[in-house]
Amino acid sequence: MEKATNVIVIATRRSPDSVDIARYYAEKRGLPPTHLCLIDCVPQEEVSLAAYRDTIEKPVYEHLNKHNLTLRVDFLVLTKGVPIRIREGGFSVDSALMCAPLKLPFLREKGRVHENPYFGVAEPFSRRRYGFYLATRLDGYLLAHIKALVDNSLKAKPAKGIFVLDIDPRRDKSGYQLINDSMRQAATLLKKRGFEVLLDERNEFIGAVREVMGYYSWGSNDGSFNTASYRSLHFRPGAIAETAVSTSARTFNYTQDGQSLIADLIALGVTGVKGYVSEPYAVALCRAHLLFDHYTRGRNLAESFWSASPFLQWKDLVVGDPLCAPYRANGK
């Protein structure tokens, strides 16, 4: 396999699992040794802004500069053990790290956000062109779940479906309607191109669907949410997902409290999924029609999620191998 030279994987030396995951990914993707970046941050899920600057951002960018990778790398892959959230403001570490070259201020008020210039763009991403990177991470409840993200990426095939779009019709109001409308638009686009789509507009929460290639729902925000149904999905290798849930990526540790977690979908075998480490507001969520259209036209996992996301340096977190692109041979 040709070495992947446009991605680096980042782990903390203080977590054996973090290093193990990074080395596993590096081996599977054939990364050169210089594309494995080991830092010394404390393995916890939340970090102060000062500690983020000193123990994550600074050493990562020193590594990029030292190995002349600043403009040769497009994608950053963080691993379990590297914090997910900055305490002050609840920002995503991943989103902050990928945007560091832009030197953006941290904006904490609704309505004051940094627009993503890659939003809606169906073309390949380039660090040289946009001035920042795209970040994903390899995370989940268990080491086996996390390694499966990599394995499923490599096994992914361009399947025709099923794409499950579970609308909650009770959300057709206020700022929530844009998410339902985006799912409806995604269904139309995918069906026109011959994909198998399950668009559900009933109050019922959908579960027990097998061979899922794409999934979007309101998760625990659905008025009829059922945990057993949520945990009964079966995903194909290469499947991607999003849920309209404010804190779906608040933790990757087992918990019975709070809203539904994307970690459950990772445990079920999804290959890529987007979540939020704290309240992002509905307007920040992935647009389903952009996400699934770009992915099935050949964009990779990182490009698909971030081109469907309106904001930068916000609450967003994408899980999966950024290079996963099962439809690339068929896309243009």
Side-chain angles (χ1 to χ4, degrees), residues 2-8 29 31 35 64 69-77 92 94-102 104 113-137 153-154 156-160 163 178 181-183 185-195 213-214 216 238-242 271-274 283-314 316-332:
E2 183 180 354
K3 289 186 175 181
T5 57
N6 66 338
V7 56
I8 68 163
R29 276 298 182 186
L31 301 186
H35 291 239
L64 289 166
L69 297 175
T70 304
L71 295 178
R72 293 164 54 198
V73 161
D74 298 309
F75 307 107
L76 311 178
V77 180
S92 160
D94 303 35
S95 186
L97 186 65
M98 75 184 211
C99 297
L102 301 177
L104 301 173
V113 291
H114 300 292
E115 295 184 358
N116 177 9
Y118 191 55
F119 178 59
V121 178
E123 298 176 354
F125 178 84
S126 166
R127 157 69 171 90
R128 289 179 179 270
R129 178 174 181 180
Y130 288 96
F132 57 94
Y133 301 92
L134 297 184
T136 68
R137 74 163 46 224
S153 171
L154 295 171
K157 303 295 182 184
K160 282 294 183 179
F163 289 82
L178 67 89
D181 286 347
S182 184
M183 282 193 259
Q185 189 174 350
T188 299
L189 291 171
L190 290 168
K191 286 178 180 177
K192 283 183 178 179
R193 296 175 49 222
F195 289 94
M213 194 64 184
Y216 204 126
I240 60 172
E242 160 76 298
T271 304
V273 61
K274 186 163 182 265
V283 70
L285 302 177
C286 258
R287 302 300 190 268
H289 66 287
L290 296 175
L291 172 64
F292 296 124
D293 189 58
H294 292 177
Y295 192 58
T296 56
R297 290 185 185 276
R299 299 277 56 82
N300 68 33
L301 186 151
E303 292 168 334
S304 300
F305 278 108
W306 285 109
S307 66
S309 302
F311 306 140
L312 292 180
Q313 197 165 282
W314 193 232
D316 319 53
L317 181 151
V318 176
V319 172
D321 172 12
L323 302 182
C324 179
Y327 298 92
R328 177 146 295 171
N330 296 338
K332 295 182 181 179

Enquirer: So which atom in V318 and which in A135 form the shortest heavy-atom distance, rounded to 0.1 Å?
Expert: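 Smallest heavy-atom distance, with atoms named: CB-O, 4.1 Å.
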
Enquirer: Taking all non-hydrogen atoms of both residues into account, name the closest pair between A156 and P326 and its distance.
Expert: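 Residues A156 and P326, closest heavy atoms: CB-CB, 3.7 Å.
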
Enquirer: Where is the tightest heavy-atom contact between R299 and A122, given as atom of each residue plus distance?
Expert: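 Closest heavy-atom pair between R299 and A122: CD-O, 3.0 Å.
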
Enquirer: Mind checking what makes side-chain contact (heavy atoms from CB on, under 4.5 Å) contact with L189, not counting sequence neighbours?
Expert: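 L189 satisfies side-chain contact (heavy atoms from CB on, under 4.5 Å) with Q185, H289, D293 once adjacent residues are dropped.
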
Enquirer: Which distance, rounded to the nearest 0.5 Å, do you find between the CH2 of W306 and the OG of S95?
Expert: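 That separation rounds to 4.0 Å.
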
Enquirer: CD/E303 to CG/L323 distance, rounded to the nearest 0.5 angstrom?
Expert: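 Interatomic distance, E303 CD to L323 CG, rounded to 0.5 Å: 9.0 Å.
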
Enquirer: Do Y216 and L285 touch side chain to side chain, with heavy atoms closer than 4.5 Å?
Expert: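 Touching, per the 4.5 Å side-chain cut-off.
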
Enquirer: Working to the nearest 0.5 Å, report the span between CD1 of I8 and OH of Y133.
Expert: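 I8 CD1 to Y133 OH: 7.5 Å, rounded to 0.5 Å.
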
Enquirer: To the nearest 0.5 Å, what is the distance between CG on L291 and CG on L301?
Expert: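 The CG atom of L301 is 8.5 Å from CG of L291, to the nearest 0.5 Å.
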
Enquirer: Could you check whether any side-chain N or O of Y295 sits under 3.5 Å from a backbone N or O of L290, counting only pairs where one atom can act as donor and the other as acceptor?
Expert: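 Not at all, since once roles are kept as given, no pair shorter than 3.5 Å links the two residues.
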
Enquirer: Tell me every residue that passes side-chain contact (heavy atoms from CB on, under 4.5 Å) with A187, counting only those two or more places apart in sequence or in another chain.
Expert: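 For A187, the residues satisfying side-chain contact (heavy atoms from CB on, under 4.5 Å) (neighbours in sequence not counted) are L165, V197, L199.
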
Enquirer: Measuring from atom CG of L134 to atom CG of D94, what distance do you get when rounded to the nearest 0.5 angstrom?
Expert: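 If we round to the nearest 0.5 Å, L134:CG and D94:CG are 12.0 Å apart.
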
Enquirer: Shortest non-hydrogen contact from F132 to R127?
Expert: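 For F132 versus R127, the nearest heavy atoms are O-CD, 3.2 Å.
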
Enquirer: On the 0 to 90° scale, with breaks at 30° and 60°, tag the Y130-F125 ring pair as parallel, tilted or perpendicular.
Expert: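 Ring orientation, 0 to 90° scale: parallel.
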
Enquirer: For S309 and C286, work out which heavy atoms get closest and say how close.
Expert: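 Shortest heavy-atom separation between S309 and C286 comes out as OG-SG, 3.6 Å.
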
Enquirer: Would T296 and R193 count as having a side-chain donor-acceptor pair, cut-off 3.5 Å?
Expert: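 Present: a donor and an acceptor within the cut-off.
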
Enquirer: Does the side chain of F119 reach to within under 4.5 Å of the side chain of L312, using non-hydrogen atoms?
Expert: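 Sidechains of L312 and F119: no contact.
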
Enquirer: Please name the residue in the list T271, N300, D321 that meets the side-chain hydrogen bond (donor to acceptor under 3.5 Å, both in side chains) test with S153.
Expert: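 Checked T271, N300, D321 against S153; only one passes side-chain hydrogen bond (donor to acceptor under 3.5 Å, both in side chains): D321.
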
Enquirer: Let's go through H294 and V121 carefully: what are the C-alpha distance in whole Å and the side-chain angles of both, what is the deciding distance for side-chain contact (heavy atoms from CB on, under 4.5 Å) to 0.1 Å, and is it a yes or a no?
Expert: CA-CA 9 Å; H294 292 177; V121 178; 5.9 Å; no

Enquirer: Side chain of R137, backbone of V319: donor and acceptor closer than 3.5 Å?
Expert: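 Not at all, since once roles are kept as given, no pair shorter than 3.5 Å links the two residues.
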
Enquirer: Which pairs count as side chain to side chain donor-acceptor pair (under 3.5 Å) when at least one residue sits in residues 114-126, sequence neighbours excluded?
Expert: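 Listed by first then second residue: E123-R129.
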
Enquirer: Nearest 0.5 Å, please: how far is CG in D316 from CZ in F311?
Expert: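 Result: 9.0 Å between the selected atoms.
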
Enquirer: Decide yes or no for R297 and Y327: does some side-chain heavy atom of the first lie under 4.5 Å from some side-chain heavy atom of the second?
Expert: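 No; the side chains remain at least 4.5 Å from each other.
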
Enquirer: To check you understand the geometry: which heavy-atom pair defines the closest contact between A284 and K274, and what is its length?
Expert: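 The pair with the smallest heavy-atom distance is O-NZ, 3.8 Å.
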
